[in-house]
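Below is one structure, written out as C-alpha cells, with a few remarks after it.
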2 protein chains.
Amino acid sequence: MKARKIKNRKYHTIQDFIRKRIQGGTYPVGSYLPSENEICGQFSTTRTTVRKALDELLKEGFIEKEQGKGSKVVERRKSLGLLTVKGFSGSIDYEVKTIVTKGPKITQWDPIIPFALTEEEKKSDCVYFQRVRHINDRPVVLENNWYANDALQVIDSGEFIEGSFFKTLSQAYFIEVMGAEQELRSIPASQEVAKNLGIQEGIPILHISVRFRTSKPGLNLYGDLYCNTTDYPIRNSYFL
Amino acid sequence: MKARKIKNRKYHTIQDFIRKRIQGGTYPVGSYLPSENEICGQFSTTRTTVRKALDELLKEGFIEKEQGKGSKVVERRKSLGLLTVKGFSGSIDYEVKTIVTKGPKITQWDPIIPFALTEEEKKSDCVYFQRVRHINDRPVVLENNWYANDALQVIDSGEFIEGSFFKTLSQAYFIEVMGAEQELRSIPASQEVAKNLGIQEGIPILHISVRFRTSKPGLNLYGDLYCNTTDYPIRNSYFL
DNA sequence: CAAAACAACTTGTGTGTACAAGTAATAATT
DNA sequence: AATTATTACTTGTACACACAAGTTGTTTTG
C-alpha cells in the first residue's frame with residue numbers, strides 16, 4: 001500500500017515517450033530518431049533536457065548516437081548473463097530454432113528453482129513452459145521457464161512474436177528485462193535431459209539457473225537451462 | 001604509425017585526473033570526492049563540465065553519487081563475465097584464498113587458448129602463471145593465465161597487491177580491464193585438473209576460457225579456468 | 001568532368017545561471 | 001529534553017546560448 005511518489009522529471013517523460021515508440025515499432029530498428037532540436041520543439045524544452053533523455057535511452061541500450069547523423073534505434077542486445085535479452089540467438093553464431101515442447105500452462109512452482117520466491121509469488125499460481133533450442137537441427141539446450149500468474153497472464157506460445165518470449169513481453173506488454181542473477185554448475189546429464197538432448201546419460205552438461213528481473217513490479221522470470229556444450233560452447237562478451 | 005589525434009576535451013582531463021587519484025589511493029575507497037563546486041574551482045570550469053566527467057567515472061564504476069552528500073569512491077566490481085574485476089572473491093560468498101602455483105615466467109603460448117591472437121602477440125614472448133583458488137581450504141578453481149611480454153613486463157607474484165593481479169595492474173600500472181569475452185563448456189575433469197582440485201577424474205567441470213581487454217593498447221589477458229561447481233556454483237548478476 | 005568549396009543539417013562540448021531536492025549539523029522552539 | 005525550524009552545504013534538473021566537429025548533398029571552381 002505504499003503509494004510511491006511520482007516525480008515529474010521532464011527528461012523522464014521524454015525518455016518514456018520515445019521508449020514506447022521504439023517498443024511499439026513507430027521508430028523501428030535501424031531508423032533514426034527525430035533530431036534533438038525537433039524533439040525540443042515537440043516538448044517545448046531545451047537540448048540539455050532532450051540529451052539527458054537520449055543519454056538514458058543509450059544506457060538502456062535502445063539507441064546509438066552517431067555524431068553528425070543522428071540517434072539510431074538498435075536491436076537491444078545488452079548481454080544479460082549468458083543470454084541476450086532478445087533471445088538465445090545473439091549468443092551463438094549459428095542458426096537457432098526454438099521449439100516449445102510444453103506449452104504455457106498453470107502448474108506448481110518447481111523446487112529446483114534455487115532463488116528465494118517472494119511471498120506474492122509463493123501465493124500465486126505459476127505459469128510454466130518448456131523449450132528446446134536447436135542448432136543445425138540438433139537439440140542443444142533444454143530450457144524450463146516459470147513466472148507468477150498474478151503478475152502476468154498466460155501467453156499462448158502461438159502469440160510469441162518471432163518465437164521469442166522476451167520480444168513478446170517488450171512489444172506487446174512494454175515489459176523490459178532490467179537485470180539477472182545466475183548460478184552455473186557443471187553436472188552429469190540426467191535421464192530426462194539426456195533424452196531431450198539426444199545424448200548419453202552422464203555426459204557433462206552446463207546447468208544455468210537464472211532469475212530475470214523485469215520492469216513490471218513483481219514480475220520475475222525464472223529459468224532452468226541445460227546446455228550441451230560439447231559442440232557449441234556458450235559465448236558472451238562484456239564491455240564497459 | 002598512426003599518430004592518433006589527441007582531442008582536448010576538458011571533461012576528459014578532469015576525468016583522467018580524478019581516476020588516477022582514485023587508482024593511486026589519494027581518494028581511497030569509501031571516501032568522498034571534493035564537491036562539484038570545488039572541482040570547478042580547481043579546473044576553472046563550470047559544473048556542467050565537471051558533472052560530465054563524474055558521469056563518465058560513474059559509468060566506469062569508480063564512484064557512486066549520493067544526492068545531498070557527494071560522490072563516493074567505491075570498489076570497482078562491475079561484473080565482467082563470471083568474475084569481478086578486482087578478483088575472484090566478488091563472485092562467491094565464501095572466504096577465498098589464492099595460491100600462485102606456477103610463478104610468472106616466460107613460456108610459449110598455449111594452443112588451448114581458443115581466441116585468435118594478434119600478430120603482435122604471436123611474435124611476442126608469453127608470460128604465464130597458474131593459480132589455485134581455495135574456498136574453505138579446499139581447492140575449487142584451477143586457473144591458467146597468459147599475456148604478451150611485449151605489452152607488459154613480468155610481474156613477480158610477490159608484488160601482487162593483496163594477492164590480486166588485477167589490483168596490481170590498476171594501482172601500480174594504471175591499467176584497467178575494459179571488457180571480456182568468454183567461452184563456457186562443461187567437460188569431464190582431466191587427470192591434471194583432477195589432481196589439482198583433489199577430485200576424481202571425469203567429474204563434470206566448468207571450463208571457462210576468457211580474454212580480458214585492457215586500457216593498455218595491445219595488452220590482453222587470457223585465462224583458462226577449471227571450476228569444481230559441485231559444492232560452490234558460480235554466481236553472478238547483472239543490472240542495467 | 002572531377003575536385004574543391006560551401007551550405008545545411010546533425011551531435012558534441014562548454015559557459016553561465018537559477019532553482020529543486022536531499023543531507024547533516026546547528027539553532028530555536030515547545 | 002525532545003522536537004521543530006533554520007542554515008549551509010551537497011547533488012539533481014532545467015533553461016538559454018554559443019561554438020566545435022562530423023555528415024551529406026549541392027554548388028562552385030579548375
Side-chain angles (χ1 to χ4, degrees), chain A residues 2-19 21-22 26-74 240, chain B residues 2-19 21-22 26-74 240:
Chain A
K2 54 176 100 170
R4 189 166 307 180
K5 200 165 157 191
I6 296 161
K7 295 169 194 168
N8 264 339
R9 272 80 180 253
K10 209 161 191 175
Y11 77 86
H12 208 271
T13 65
I14 298 172
Q15 181 186 348
D16 290 346
F17 179 86
I18 296 176
R19 194 199 300 104
R21 291 211 153 182
I22 292 174
T26 310
Y27 301 141
V29 170
S31 70
Y32 286 86
L33 297 185
S35 79
E36 294 175 356
N37 280 318
E38 284 183 75
I39 300 172
C40 288
Q42 287 178 37
F43 289 90
S44 317
T45 183
T46 55
R47 268 186 73 208
T48 312
T49 306
V50 171
R51 283 180 66 80
K52 173 71 176 169
L54 294 181
D55 211 54
E56 293 298 316
L57 291 170
L58 184 71
K59 283 184 204 164
E60 291 178 352
F62 286 100
I63 63 170
E64 283 175 1
K65 308 202 77 179
E66 299 170 7
Q67 184 173 4
K69 297 184 73 176
S71 301
K72 188 163 67 176
V73 180
V74 294
L240 300 187
Chain B
K2 54 176 99 170
R4 190 167 305 179
K5 200 166 161 191
I6 297 160
K7 294 168 196 168
N8 265 339
R9 271 83 179 247
K10 210 160 191 175
Y11 77 85
H12 207 270
T13 64
I14 298 172
Q15 181 186 348
D16 290 347
F17 179 85
I18 296 177
R19 193 198 301 104
R21 291 213 154 181
I22 293 173
T26 310
Y27 302 141
V29 171
S31 70
Y32 286 86
L33 297 185
S35 78
E36 296 175 355
N37 280 318
E38 285 183 73
I39 300 173
C40 288
Q42 287 177 38
F43 289 91
S44 316
T45 183
T46 55
R47 268 186 75 208
T48 313
T49 305
V50 171
R51 283 179 66 79
K52 172 72 176 170
L54 294 181
D55 211 55
E56 294 298 316
L57 291 170
L58 183 71
K59 283 184 204 164
E60 291 178 352
F62 287 99
I63 63 169
E64 282 175 1
K65 308 202 77 181
E66 298 170 6
Q67 185 173 0
K69 296 186 72 177
S71 301
K72 188 164 68 175
V73 180
V74 294
L240 299 188

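Labels below follow one simple rule: chain letters A, B, ... track the order of the sequence lines, proteins then strands, and each chain is numbered from 1.
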**Report entry** B/I18 and B/I39: CA distance, side-chain angles, deciding distance, side-chain contact (heavy atoms from CB on, under 4.5 Å) verdict
**Finding:** CA-CA 10 Å; B/I18 296 177; B/I39 300 173; 4.0 Å; yes
Query raised in the report: Taking only residues two or more places apart in sequence or in another chain, which ones pass side chain to side chain donor-acceptor pair (under 3.5 Å) with B/N37?
Result: none
Report summary line: Shortest non-hydrogen pair, A/L58 vs A/I63, comes out as CD1-O, 3.2 Å
Query raised in the report: Can you check whether A/T48 has a side-chain N or O nearer than 4.0 Å to OP1 or OP2 of D/dA16?
Result: no
Query raised in the report: Whole Å only: how far is the CD atom of A/E56 from the C1' atom of D/dG12?
Result: 12 Å
Report summary line: Rounded to whole Å, the CZ-P distance (A/F43 to D/dC15) equals 12 Å
Query raised in the report: Which is it for B/E60 and B/Q15 under the side-chain contact (heavy atoms from CB on, under 4.5 Å) test, yes or no, and what are the steps along the way?
Result: CA-CA 10 Å; B/E60 291 178 352; B/Q15 181 186 348; 3.1 Å; yes
Report task. For A/K10 and C/dA18, give me the distance from atom NZ to atom P, rounded to whole Å. Result -> 19 Å
**Report entry** Closest non-hydrogen atom pair, B/V73 against B/P28
**Finding:** CB-O, 3.5 Å
**Report entry** Touch class at under 4.0 angstrom, heavy-atom based, for B/T46 against every strand present
**Finding:** base
Query raised in the report: What nucleotide, of C/dG14, C/dT15, D/dT13, holds the atom closest to the side chain of B/R9?
Result: C/dG14
Report summary line: A/Y32 OH to D/dT23 P, in whole Å, measures 11 Å
Query raised in the report: What does nucleotides 4-11 of chain C look like as a protein-contact string, B for base, S for sugar-phosphate only, - for none, at under 4.0 angstrom between heavy atoms?
Result: ------BB
Query raised in the report: Going by heavy atoms in the side chains, are B/K69 and B/Y32 under 4.5 Å from each other?
Result: yes
Query - Presence of A/T49 side-chain N/O under 4.0 Å of D/dC15 phosphate oxygens OP1/OP2 - result: yes
Query raised in the report: What is the distance from CD1 of A/I14 to C1' of D/dT13, rounded to the nearest Å?
Result: 12 Å
Requested in this report: Tell me what B/Y11 touches on the nucleic acid: a base, only sugar-phosphate, or nothing, going by heavy atoms under 4.0 Å.
Outcome: sugar-phosphate
Query raised in the report: When the distance from NZ of A/K52 to C1' of C/dG12 is rounded to whole Å, what number comes out?
Result: 16 Å
